[in-house]
Every structure is written in structure tokens, then in C-alpha cells.
Amino acid sequence: MPTAIAGGAIAGGLIADVVIIDGLSFALPLLIIAIGGIYSERSGVTNLALEGLLGFGAFCGGLFVALFGTRFAIGSTAPMYLAFLCAMVGGAAYSLLHALLCVQFRANQVISGVVVNIVSVALTGFLTSQINASVFGAPSNKFVLSVSPRVTINSFSQIPVLGAVFTNFYPFEAISLIMVVILWYIMNRSRYGMRLRACGDNPHAADAAGAHVTRTRFAAVMFSGALSGFGGMCFAYSISNNFSPSIYMGAGYLAIAALIFGNWKIMPTFAACLIFGLARSGAYQLVKAMELSSSFSDLAMTIPYILTLLLLIFFSRSNRAPRALGEIYDKSKR
Amino acid sequence: MRKDAYIVEMRRITKRFSGVAANEDVSLGIYKGEVFALLGENGAGKSTLMNILFGMYEPDEGEIWVRGGKVSIKSPNEAVRLDIAMVHQHFKLVENYTVTENIVLGMEPVKRLCGVLPMVDLKSANEKVRELSRRYGLEVDPTAKIEDLKVYARQRVEILKMLYREADILIFDEPTAVLTPQEISALLNIIKKLRDDGKTIILISHKLEEIKQVANRCAILKRGKLLDVLDVSTTSTATMAKLMVGHELSLDIEKPPACFGTTVLQVKNLTVENKQRFTVVNNVSFSIREGEIFAIAGVSGNGQLEVADAITGMCAVKSGNIILDDSDITHKSVRERNQAGISYIPEDRQQTGLILDFSLADNLALKRYHTPPFCNGMVLRKSAFSRYANELIGKYDIRGGGANGKARAMSGGNQQKAIVAREIELQSRLTIFVQPTQGLDIGAIMDIREKMIQQRNNGKAILLISLELDEVLACADTIGVMYNGAMINIAPADSISANEVGEYMMGVKKYEESYA
């Protein structure tokens with residue numbers, strides 16, 4: 001559960017600071033996963049597989065640390081960064097399954113996404129136990145990870161309220177922000193992004209204009225795999241400090257809600273993720289402050305989801321999905 | 001022009017689809033810088049032939065020569081590399097992109113942001129598009145979104161797309177089928193301009209007048225075979241029509257003098273607002289008797305379609321009354337109106353007229369499936385569906401995939417025949433025809449007009465709404481003209497000249513003047 005908070009700035013016990021710090025550490029990975037979903041869906045491939053992709057990515061990162069973590073000097077952060085890289089590669093590789101099913105073999109994209117999720121849960125659970133038992137001789141369903149360091153930028157952390165943004169953040173949060181900028185640029189300003197969005201609106205037009213629909217969609221789905229893997233690894237390093245089946249806590253589905261709420265656009269989705277993250281940490285702090293039992297905290301954790309439903313009722317009218325979303329591209333059909 | 005100046009030559013092309021020849025041994029050559037028309041009925045193989053040239057299909061036999069060299073065109077991309085481009089009947093545009101974005105898609109100009117980061121340079125592309133559109137009179141705003149554009153503007157975007165790619169062999173697949181008369185003459189001017197600029201243009205059409213206006217030569221296809229290549233300037237449209245249809249076609253329909261009975265439909269002070277709460281039909285009144293064809297003429301968008309929608313129950317009425325045989329149906333449901341005796345042949349046959357992914361048999365029973373013999377209580381009787389369909393297929397000569405074939409797979413002409421068959425068989429007191437012959441070849445046009453007049457002779461009331469003045473003049477007993485949502489004139493067809501109707505349509509002649 002949310003990490004213990006340390007550091008001088010929090011000593012005052014300002015709940016608002018904790019809410020922001022915890023909220024951001026949840027919102028930013030969620031955003032990266034949601035952007036992965038946006039890439040896939042704007043290219044026209046429905047992606048319900050985010051949950052499975054983030055789990056499989058985190059598994060790959062966790063496996064790397066379990067196998068090679070001891071070869072690095074104690075206290076080195078290198079294995080953590082390499083784990084993130086492995087998670088992205090692993091997520092992208094696993095997403096090939098979804099891409100193959102949906103793009104190449106023209107399977108139903110909803111079913112493919114569900115299958116990818118189910119297989120991911122089963123496969124990573126099985127492999128984790130088996131590898132722990134046979135390689136390390138210790139039956140366990142976890143890969144224990146080291147603790148990610150936290151960073152505080154002293155000169156900014158003194159700013160009232162907003163200072164919390166610069167306090168006790170994980171390095172991956174900073175990386176996430178840089179990625180958001182790059183991903184926004186690729187989507188909205190680059191050639192590839194332009195073709196990707198065209199494929200999601202009218203693949204026939206894209207094809208007639210000489211953009212390869214199949215290739216573009218494959219790449220878009222792999223983007224979603226890599227980004228989900230990254231997001232999954234963030235959760236593994238922040239919420240649990242290990243890889244275990246508890247990684248499948250529904251963040252992938254929440255990311256889908258966020259991107260729909262964000263109208264398949266990156267910046268509005270950023271706002272949606274912030275709302276979800278802050279609602280989640282706020283609810284958690286509320287339960288804590290009222291000294292309720294832990295069963296209430298489970299209930300409080302549903303607040304972001306209920307919030308999603310409510311907001312969707314009000315905002316979904318103006319929302320518009322990519323026109324060709326979920327549509328199997330068939331050249332001969334007009 | 002010399003014989004060896006062919007820019008495109010198709011030699012002995014044969015193409016079969018599951019054994020049936022769509023093109024058979026077709027050979028033709030096209031000179032650089034001419035407008036070459038391909039004329040033929042629906043299903044004569046014009047589009048297939050051009051799709052072969054554009055790389056959509058590969059021919060089973062035959063060769064294609066472009067600029068003196070033999071080529072094998074396996075995909076549209078290869079055709080584009082040979083500077084061949086095509087405007088399809090169904091536009092291929094990304095609707096939430098701007099005009100420029102659509103035009104540059106696939107070959108986007110790239111500039112470097114801060115000298116490093118590559119990004120699509122839309123600003124310079126906008127300029128280039130603006131310059132192209134000015135040069136050829138293709139006025140369209142480069143920054144407008146496609147979804148906000150009308151059909152004719154979308155077509156211009158398709159043309160600009162070809163020009164941006166510097167194509168010089170331009171294929172137009174029935175470009176005027178979706179346009180209004182004014183838009184057609186604008187397009188024909190654009191085509192002339194393109195020709196004068198040295199482009200080679202291939203125009204697929206079955207409209208004789210426009211071929212006469214712009215084309216230099218014209219090939220006539222019939223059932224996949226090339227009948228003849230004619231010099232347009234020395235051939236009359238009558239000769240072309242005769243060759244195309246294969247028999248002497250009388251363009252005049254036999255129409256016995258009218259014999260009016262009692263009033264069937266009365267529209268009183270009808271006012272309709274559109275979704276933007278804008279009054280589109282303003283205080284319109286008219287009535288139609290048994291045995292009468294009442295035609296509403298008017299330029300597109302003057303409220304005619306909304307009148308039809310209001311009578312059939314497709315849109316709500318703001319005020320006024322619609323009375324069918326003494327009963328007020330103004331606020332009745334669509335089904336109640338159908339049963340009260342209204343048949344409707346809508347303008348958009350694919351969206352409103354048919355369910356494209358249903359079989360022909362299902363489509364034909366669409367308004368009767370809930371009544372015996374098509375159902376037995378809650379259970380549909382499929383045998384009755386197919387029996388009924390086969391009967392109508394014979395009676396109305398509906399060709400395509402038979403009773404179980406999907407409506408989507410049928411040609412436009414046969415789709416329309418199916419709708420007409422379904423509606424006429426209802427034996428309704430009132431039948432509404434909206435743009436019934438749009439996009440059809442001349443044979444199908446005559447067939448549908450004959451059916452309409454036959455209904456009239458049987459004592460039915462007919463409401464005809466058409467943008468084509470010729471059609472109104474050929475069929476109507478009474479002509480009403482709508483302008484700006486108002487019915488500005490109603491007169492017996494034999495008391496008003498074509499010129500007068502035209503003046504009313506353009507709003508030149510006003511209601512008051514006709515009484516002055």
C-alpha cells in the first residue's frame with residue numbers, strides 16, 4: 001500500500017502534501033499507460049489489454065532484477081533503470097500478441113484484449129512461482145525489488161501547497177513527464193502521428209494516401225505495450241516494492257476510463273489521471289484521518305471509479321471515439 | 001493528334017469475377033491532354049476497367065501501356081507513381097482532418113523544429129494548397145475540417161489531392177452523380193481548366209449532356225465489351241444513347257391525359273424547423289388528388305426534402321396539418337402512416353431506403369414482415385419472404401444476387417428498383433418519390449418514370465420531389481416550386497413553361513408577381 005512517507009517537508013503532517021505526493025505517484029504512471037491506450041485506439045485498435053500488458057511488463061522487469069540484481073553493487077540504481085527498460089521491451093513484445101490477433105488475423109478486438117489480460121495474469125503468476133522454486137529454491141509468488149529512491153528539490157519544495165509536487169517524488173515521475181511531452185509531440189506533430197490518427201479515423205483514406213495501415217497499427221499497439229510495461233513497473237516500484245499478482249489491481253482499466261474521459265487526447269487525459277490519482281490518495285488519507293478500519297479503505301479506493309462513472313455521465317456527450325475504432329480493416333470493403 | 005501519342009493504352013483487357021466477364025477484350029487508347037469519356041449503363045464495366053488502370057484489380061488478360069512503356073500496375077500506389085490518380089465515387093477522406101491534412105497525408109512535407117526535430121509542416125502545405133485551389137478554381141478553405149464540408153467541396157479536396165501529387169492522368173468515377181446542377185457545371189468548368197493545363201482526363205459517366213459538354217472522345221461500353229469510340233463533337237446524344245442502351249430509346253414517356261379523383265393528401269400551413277431551430281419549411285399548403293402527379297421543383301436545400309420528411313413522419317412538424325383521406329396524420333407514428341396509405345421512396349437509398357447488410361428478400365418485406373403471410377404470430381415465415389421476393393424479382397426485373405443476396409452487393413440501379421418494387425406493392429393511396437432517378441442510367445430512369453406514371457394511371461396520388469427540372473417537366477401534372485422554404489407557386493404543368501419554373505426556382509420571379 002502507499003509507501004511510508006519520510007522527509008522533513010512532511011514532518012508538519014500536512015495531509016494536503018501527502019495527498020499530492022501520493023496522488024502524483026499514482027497519476028503519472030496511470031497517464032503513461034493511458035497514453036499507450038490512446039496510441040492504440042487512435043490508430044483504430046481497441047485496447048482492453050492494458051491491464052495485461054502492464055502486468056507482463058512489470059513481470060519482465062521484476063524477473064530481470066531477480067536474476068541479475070545481485071550482480072550490481074548494493075545501493076546501485078542501475079538495476080532499477082534497467083528493469084524499466086526490460087518492462088518496456090517485455091510489454092511491447094507481449095503486445096505483439098494483441099497486434100497479431102487484431103491486425104493480422106482480424107480477430108475481434110474486444111475478445112483479443114480480454115484474452116491477453118487473462119493469459120497475462122495466469123502466465124506471470126505461474127512463471128513467477130516456477131522460477132522462484134526452480135532457480136532460487138524458494139517457493140514464492142513475488143520478485144522482491146529494491147526500494148526506489150525519492151527525490152526532493154529543496155529550492156522548490158518550500159513553495160506552499162505546490163511545493164509538494166517537488167517533494168519526495170520518484171525518479172520515474174520525472175521521466176514520465178518528459179515522456180508525456182515526447183509522446184504528445186509524436187502523436188500531434190510528427191508524420192507517424194498524423195498517419196496513426198488517420199488510420200483510426202478512415203483507414204481506407206490512409207491506405208489510398210500511401211500510409212501503411214497494418215504497419216502503423218502494429219507500431220501503435222507496440223507503443224501501448226511498451227508504455228503499459230513502463231507504467232506497470234512504476235507501480236511495482238512504488239506501491240508494492242515487488243512484483244506479485246497484486247499488480248493486477250485494475251489500473252489498466254482505470255487508464256481506459258481516463259482516456260475515454262480525456263476524449264482520446266493526451267492533455268485532457270492528463271487532467272483525468274490527475275483527478276483519479278488525487279481522488280485515490282485523498283480517499284485513502286480520509287480513511288486514515290477518520291481512523292476507520294482497513295475494510296473502509298478498500299471501499300474508499302473505489303472512489304476514483306465511482307467518480308469516473310459520474311464524470312462520464314456529464315462529459316461523454318461531447319466525447320467522440322476515433323471513427324474506425326474497433327473496425328477490422330478490410331481493403332476490399334468500401 | 002498523332003496515333004502514337006497515346007499516353008495510356010489498354011490492349012485486349014479481360015477481367016472476370018467468378019467466371020462472369022466484367023470486361024471482355026477491351027482495347028482503347030487515350031491521347032495526352034484530352035477528356036476521354038467512358039459511357040455505359042450501370043454495370044457495363046466502366047468502373048472495373050478504370051479500377052484496373054488504377055491498380056485496384058489486376059486484369060486476367062491484356063496489357064497496359066503508359067507513356068509508351070508496358071507497365072504492370074499491382075496497387076494504387078504503383079498507379080500514383082505513374083502519375084495516375086482517381087477520384088472515387090466514395091470519397092476517401094479522413095473526416096476529422098483539415099483539407100490540407102488530407103491532401104498531404106502520405107507525403108507530408110517535413111520541416112525541422114529548431115533545426116533538429118522533424119515535424120509536419122502544415123503552414124507551407126496550406127499555402128501550396130491555397131495556391132493550387134486558386135489556379136484551378138477549386139475554391140475550398142485549406143484549414144476547414146472535412147466533416148464540415150458539403151459533398152461538392154469534399155470532391156474538390158479529392159481533386160486537389162491528385163493535383164498536389166502532380167498526377168497528370170486523372171480518372172473521375174461518375175463525379176456528377178452526387179452533385180446539384182449548379183455544382184455540376186462548376187465541376188465541368190474545372191475539368192476543362194485541367195485539360196487546358198495539359199492534364200489527361202478520363203471521365204466515367206452515363207450522363208450524355210455532360211459528356212457532350214466536356215469530352216473530346218467517348219468510348220461506349222456495353223456488358224463489358226467495347227462497342228465503339230466516337231468523336232463527341234460529331235456525334236449526337238441520341239446516337240450515343242442508342243448505342244449505350246442497345247435499342248432505340250424513346251425519351252418521351254407515354255402519358256395519357258390526367259383524370260383526377262378525390263383529394264388524397266392535404267397539407268395545410270405546414271411549418272418545419274430543423275435541428276438548429278431554423279425554419280426550413282414555411283407555411284406550405286398544397287393538396288394532391290387521385291391520379292395526379294404533384295411535383296415539387298426547386299434548387300437543392302429549399303425545404304423540399306423536409307416536406308417529404310414531415311409527411312412520412314421522419315421529422316417533427318412545428319405547426320400545420322397533414323391530412324390523408326380525411327384523417328389527420330400530423331402526429332401519427334411512421335408505422336401508422338404507412339398503414340394509413342403512404343409509400344416512400346427516399347432520397348438516400350442506401351441510408352434510408354435499404355438495410356444494406358440484409359438480404360434482398362428481407363429488404364423487400366421490410367414494411368410487411370409483421371403482417372400475414374410473412375409471419376405467424378410472433379414467428380417469421382422465411383418461406384413467404386423468399387416466395388414474395390422471387391415474385392417481385394421477376395415482376396420488377398431486379399438483378400443482382402437473387403433473393404438471398406445482400407442489398408449491399410447490388411448496383412445502384414437495382415437497389416432503387418428494389419425500393420420502388422417494395423413501395424409500389426404496398427398499393428398505398430399516396431406514393432412519395434424523392435430524387436427517384438438520381439445517379440441511375442438512362443434505361444433505369446425511364447423504367448422508374450414509367451412505373452410512377454403507371455401508378456398515377458391507376459388512380460394513386462403521387463408526390464414527386466426532384467432537383468432535375470427535366471424530370472419534373474416530363475412527369476408532373478401539377479408543379480409546385482419551393483424557394484427558401486416557401487411554396488411560391490403552384491400551377492398545372494401545361495400552363496407553365498420550363499423557363500418560368502426556372503425563374504421561380506432561382507427566386508427571380510416572386511409569388512406576388514404571378515398574381516399581378
Side-chain angles (χ1 to χ4, degrees), chain A residues 38 41-44 178-217 219-220 262-266 268 317-325 327-334, chain B residues 17 47 51 54-57 75-81 85-98 100-114 116-123 125 145-147 154 157-158 160-162 164-165 173 350 356-357 406 408-409:
Chain A
I38 291 175
E41 303 221 328
R42 290 291 305 257
S43 82
I178 297 167
M179 282 168 72
V180 171
V181 175
I182 296 171
L183 290 167
W184 183 90
Y185 170 84
I186 294 175
M187 174 68 88
N188 293 300
R189 287 289 178 270
S190 78
R191 244 182 207 208
Y192 173 71
M194 191 161 158
R195 291 177 184 185
L196 182 147
R197 286 178 287 128
C199 286
D201 191 85
N202 186 346
H204 298 280
D207 198 27
H212 291 266
V213 177
T214 310
R215 229 184 273 170
T216 307
R217 287 187 169 176
N263 207 2
W264 287 267
K265 290 187 176 117
I266 290 175
R317 198 177 296 177
S318 61
N319 272 15
R320 211 181 57 200
R323 263 191 201 79
L325 180 59
E327 205 177 86
I328 293 159
Y329 176 56
D330 181 356
K331 249 186 189 199
S332 60
K333 208 172 160 183
R334 285 188 289 197
Chain B
F17 291 106
S47 294
N51 280 330
F54 191 57
M56 310 270 277
Y57 305 134
S75 76
N77 283 334
E78 289 178 34
V80 170
R81 249 170 268 144
M86 183 158 175
V87 176
H88 299 268
Q89 260 180 308
H90 306 266
F91 303 145
K92 294 182 183 232
L93 297 170
V94 181
E95 296 210 358
N96 62 353
Y97 273 23
T98 66
T100 301
E101 284 172 325
N102 266 287
I103 290 168
V104 301
L105 182 65
M107 46 185 304
E108 306 85 353
V110 166
K111 72 173 176 198
R112 303 243 160 213
L113 190 67
C114 318
V116 232
L117 295 167
M119 65 182 280
V120 177
D121 185 6
L122 284 179
K123 215 177 250 172
K145 278 205 175 171
I146 298 297
E147 56 199 2
R154 292 180 189 208
V157 178
E158 286 280 10
L160 282 168
K161 211 157 104 183
M162 303 194 293
Y164 185 85
R165 272 143 223 259
D173 189 358
Q350 302 202 333
L356 289 179
D357 288 314
K406 284 201 175 157
R408 186 183 293 283

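All values derive from a computational prediction rather than experimental measurement. All chains are named by letter (A, B, ...) in the order of the sequence lines, taking the proteins before the strands, and each is independently numbered beginning at 1.
Interface remark: L93(B) contributes backbone atoms only to the contact with chain A (heavy atom separation under 4.5 Å). Proximity to chain A (any heavy atom under 4.5 Å) is restricted, for N77(B), to the side chain, taken from C-beta onward. At a 4.5 Å heavy-atom cutoff, the contact between R197(A) and chain B is made by backbone and side-chain atoms alike. In this structure, chain A has heavy atoms under 4.5 Å from both the backbone and the side chain of L117(B). For chain A, no part of M86(B) is nearby; none of its heavy atoms comes within less than 4.5 Å.
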#### Entry: Stepwise side-chain contact (heavy atoms from CB on, under 4.5 Å) check, E147(B) with R323(A)
CA-CA 12 Å; E147(B) 56 199 2; R323(A) 263 191 201 79; 2.7 Å; yes

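Of the listed residues (D121(B), N96(B), V80(B)), the greatest number of heavy-atom pairs within a distance under 4.5 Å of chain A belongs to N96(B). No other option in E108(B), M119(B), E101(B) has as many heavy-atom pairs under 4.5 Å with chain A as E108(B). Residue with the most contacts toward chain B among A208(A), G200(A), C199(A), A198(A): A198(A) (heavy-atom pairs, distance under 4.5 Å).
Distance check, rounded to the nearest 0.5 Å: NZ of K92(B) to CG of N202(A) gives 8.0 Å.
Remark: side-chain polar atoms of R195(A) are paired, donor with acceptor, to backbone N or O of G106(B) under 3.5 angstrom.
Contact detail for L105(B) and A205(A): the closest heavy-atom pair is CD2-O, 4.4 Å. Of all heavy-atom pairs spanning V110(B) and R191(A), the tightest one is CG2-NE, 3.2 Å.
By the 6.0 Å contact criterion, NZ on K123(B) is open, its count of non-hydrogen atoms from other residues, nucleotides or ligands being 12 or less.
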